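Everything numeric in this text was worked out from a predicted model, so none of it was measured. Just so we're on the same page: letters track the sequence lines, and every chain starts at 1.
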Amino acid sequence: MTAVKIKPRLPKGMRDFLPNEMLKREYVFDIVRQVFHLYGFEPLQTPVLELKETLMGKYGEDAEKLIYHAQHPGGKEEVALRYDLTVPLSRVVALYENEIALPFKRYQLSPVWRAERPQRGRYREFYQCDADIVGIASMSADAEILGVVVTALRRLGFQQFSVKINNRKLLTAIGQYAGVPRDQLGDLYRSVDKFDKIGADGVRKELLERGIESEAVARMMELIQARQPGLSSLDYAEEMMGNFPAAQEGIRELRELAGHLADANIPPQFYEFDFTMVRGLGYYTGPIFETVITEPNLGSVTGGGRYDDLVGLFRKESLPTTGTSLGIERIIDLMDILNLYPPDIVGTVVQVLVSVFNDDTRRDSTRLAAELRAAGVNTELYLQDKNLGKQFNYADKKRIPLVAVLGPEEIAAGAVKLKRLNDGAEMTVSRGQVGAKVQEMLG
RNA sequence: GUGGCUAUAGCGCAGUUGGUCAGCGCGUCUGGUUGUGGCCCAGAAGGCCGUGGGUUCAAAUCCCACUAGCCACCCCA
C-alpha cells in the first residue's frame with residue numbers, strides 16, 4: 001500500500017446524492033411520474049450515449065459546444081452524451097415508426113449532460129422529466145402538456161407560479177413588424193427575453209446598443225410594452241400585426257390553445273400569454289412554454305414547446321410534436337427553500353428499529369425483525385453491540401419513529417415493548433399482534 | 001467562454017496594522033445514567049490555516065501562480 005491517497009473528488013458540476021437527499025428526490029420523481037400517468041403518458045428509456053450524428057445540428061451553434069463527447073481508446077463509433085431528451089425521442093419515433101401507435105405519448109425521467117459552468121440551480125449532470133405527444137398537430141395536445149405542467153407543480157405544493165406561453169410564429173411576426181433584418185433577429189429575441197429582468201428601458205437600451213435601428217426599436221417597444229392580462233393581449237397583437245400571415249397563424253393557435261385550457265379547467269391564474277418569452281433551442285416551431293417561479297428566482301423550472309420539424313430530420317416525413325421538460329433539479333432546490341416536503345419523508349425509510357438487549361437476546365430480536373418484515377414493516381435490526389441508550393440515540397438521530405425493546409422481561413412474557421420517539425409513548429404488546437400495533441402507533 | 005468574490009477542525013465561522021492566532025459554535029466521542037433517546041453537566045479527540053512559490057528576523061495574515069467553490073454575464077432545466 002502506498003501512503004499517498006487519492007483525494008476524493010467529483011468532476012465539476014456533478015453530484016452525489018446521499019440517502020437523505022435521495023428520499024427527497026424520489027418523492028419529487030414519484031409525484032411527477034404519477035401526474036404523467038394521470039394524463040396517460042407512458043415511460044421510455046433511451047441510452048445515455050447517442051451517436052454524434054444524432055445530436056449534432058439540432059440545438060444551435062452555442063448549445064452544441066456544450067455537448068460532452070465520450071470516446072474510448074480505439075472506439076470506432078463517434079458517440080456523445082445526450083444533451084436533452086427531446087432529440088433522442090425524435091430518433092426513437094423515426095426508428096420505430098412501424099411499432100409506435102400515434103399519438104405517441106411518452107415520458108422520460110433521465111439525466112442529461114451539458115458542459116456549462118456550474119452555478120446555483122445549474123449543474124453539468126442533471127435530470128430532466130420530459131412529457132411529449134408525437135403525432136398531433138392540434139392545440140389540444142399542447143393543452144394537455146400544459147395541464148401536466150400545472151398539475152405537477154401544484155401537486156408538489158407550489159402555490160404561485162405562471163406558465164408563460166408564446167409562439168415562435170408570433171416572434172417571427174414581431175421581427176417582421178418591427179422591420180428587423182434577419183441576421184439581427186437573434187439579438188432582438190435575446191434582448192426581448194430579458195424584459196422581466198431588465199424592464200422596458202433596459203430592453204430598449206440593449207436593442208440600441210446591439211445596433212438595431214431606432215425606428216425598429218420604437219415599433220418593437222410599442223408592441224411588447226402592451227402586455228395585457230388574459231386574452232386581451234391576443235386581441236392587441238392581432239390588431240397590431242394582423243396583416244402578417246405568421247402573426248395570424250400564431251394568434252389563431254394561441255386562441256385555440258386558450259380554448260382547450262379553459263375546457264380542461266386549468267385555472268387561469270397559472271398561465272399567461274407573454275410575447276416577450278423566448279426559448280433558445282433551435283427546434284421550436286409553434287407554441288412555446290416556460291414556467292418561472294419568481295420567489296426565489298432560480299431560472300425557469302419548466303420549458304417546452306412545439307417542434308413539428310424535428311422528427312423530419314430522421315425520416316422522410318416529419319410528425320407534429322409538442323412537449324415539455326420539467327427541470328427537476330431546480331424544482332428540488334425550490335422545494336427545499338420553500339419547505340414543500342411533507343414532514344414524514346425526511347430522515348429514513350425505516351419505521352421500526354429492533355433493539356438488541358444483550359448477546360443472549362440477539363436471536364430473539366432477529367426473529368422479531370423477521371416477523372415485522374413479514375408483516376410489511378420497514379425494519380432495521382440493530383447490528384452493533386451497544387447498550388440500549390446508544391441504540392435509542394441511534395434511532396433518534398436517524399429519525400426512526402419507533403423502537404422495539406425485547407429484553408428478558410418481554411421475552412418471558414411473549415411480548416414486545418414499543419416506544420414512539422416523538423412523544424415517548426410506550427406500549428407493551430404481544431408478539432402475535434406486533435405488526436398491527438406498529439401500524440397503529442405509526443398512525 | 002468573460003468578469004468579480006471566497007478558501008482556517010466533519011459543518012458554519014472568528015482571527016484587528018505581519019509578532020501566544022491555532023480559536024468559537026454546532027456536530028463527533030467518553031463519562032455522569034450498565035432496561036430507554038432528545039435537555040443539562042464534565043471531559044476528550046480533531047487543522048501543514050486549499051496547493052505551490054515569493055517577500056520578511058518572523059506569514060493564516062502581504063505578493064504571485066495554480067486548483068476548487070460561489071456570484072454575475074452568456075446560455076439554459
Output all residues satisfying side chain to side chain contact (heavy atoms under 4.5 Å, CB included) with Asn358(A), sequence neighbours left out; order by chain, then residue number.
Asp360(A), Thr361(A)
Nucleotide of rG38(B), rU2(B), rC76(B) approaching Arg117(A) most closely (side-chain heavy atoms):
rU2(B)
Taking NZ, NE, NH1 and NH2 as the nitrogens, is one of them in Lys105(A) or Asp132(A) under 4.0 Å from a carboxylate oxygen of the other?
no
For Asp336(A), is there an ion pair with Lys24(A) - N to carboxylate O distance below 4.0 angstrom?
yes
Atom pairs and distances, side-chain donor-acceptor, residues 430-443 of chain A, under 3.5 Å, sequence neighbours left out:
from, atom 1, to, atom 2, distance (Å)
Arg431(A), NE, Glu371(A), OE1, 3.0
Arg431(A), NH2, Glu371(A), OE2, 3.0

Once you round to the nearest 0.5 Å, how far does CG of Leu171(A) lie from CG of Leu185(A)?
9.5 Å
Select from Val278(A) and Gln119(A) the residue whose nearest nucleotide in RNA chain B is closer to the 5' end of that strand.
Gln119(A)
Charged N to carboxylate O below 4.0 Å: is that the case for Arg420(A) and Asp423(A)?
yes
Without decimals, in angstroms, what is the distance between Glu116(A) CD and rA72(B) P?
14 Å
If you assign each of Ile328(A) and Asn422(A) to its closest nucleotide in RNA chain B, which residue comes earlier from the 5' end?
Asn422(A)
Closest to side chain of Asp396(A), choosing from rG37(B), rA77(B), rC73(B):
rG37(B)
Under 4.0 Å protein heavy-atom contacts per nucleotide of nucleotides 29-36 of chain B, with B for base, S for backbone only and - for none:
-S----BB
Please work out whether the ring planes of Phe270(A) and Phe161(A) are parallel, tilted or perpendicular, with thresholds of 30° and 60°.
parallel
Spacing between Leu421(A) atom CG and rG38(B) atom C1', to the nearest angstrom
9 Å
What's Asp423(A) touching, base or sugar-phosphate or nothing? Going by heavy atoms closer than 4.0 Å.
nothing
Touch class at under 4.0 angstrom, heavy-atom based, for Thr302(A) against every strand present:
sugar-phosphate
Using the six-membered base ring of rG37(B), report whether Tyr394(A) stacks on it, requiring centroids under 5.5 Å and planes under 30° apart.
no
Say we look at rA60(B) and rA9(B): how far apart would their P atoms be, to the nearest angstrom?
14 Å
Expressed as a whole number of Å, how far does the P atom of rA7(B) sit from that of rU17(B)?
15 Å
Show me the donor-acceptor pairs within less than 3.5 Å that the side chains of residues 135-142 of chain A make with the rest of the protein, sequence neighbours left out.
from, atom 1, to, atom 2, distance (Å)
Ser138(A), OG, Ser140(A), N, 2.9
Ser138(A), OG, Ser140(A), OG, 2.7
Asp142(A), OD1, Arg306(A), NE, 3.1
Asp142(A), OD1, Arg306(A), NH2, 2.7
Asp142(A), OD2, Arg306(A), NE, 3.4
Asp142(A), OD2, Thr322(A), OG1, 2.7

Could you tell me how far rG15(B) sits from rG23(B) if I compare only their C1' atoms? Round to whole Å.
8 Å
Identify each donor-acceptor pair in which a side-chain atom of residues 42-51 of chain A lies under 3.5 Å from a protein atom, sequence neighbours left out, and give them as a table.
from, atom 1, to, atom 2, distance (Å)
Gln45(A), OE1, Ser110(A), OG, 3.0
Thr46(A), OG1, Arg82(A), NH1, 3.4
Thr46(A), OG1, Gln108(A), NE2, 3.1
Glu50(A), OE1, Arg91(A), NH1, 2.8
Glu50(A), OE2, Arg91(A), NH1, 2.6

Starting at the 5' end of RNA chain B, write a dot or bracket for each base, bracketing those in Watson-Crick or G-U wobble pairs whose two distances are under 3.5 Å and using | for partners on another strand.
(((((((..((((.....[...)))).(((((.......))))).....(((((..]....))))))))))))....
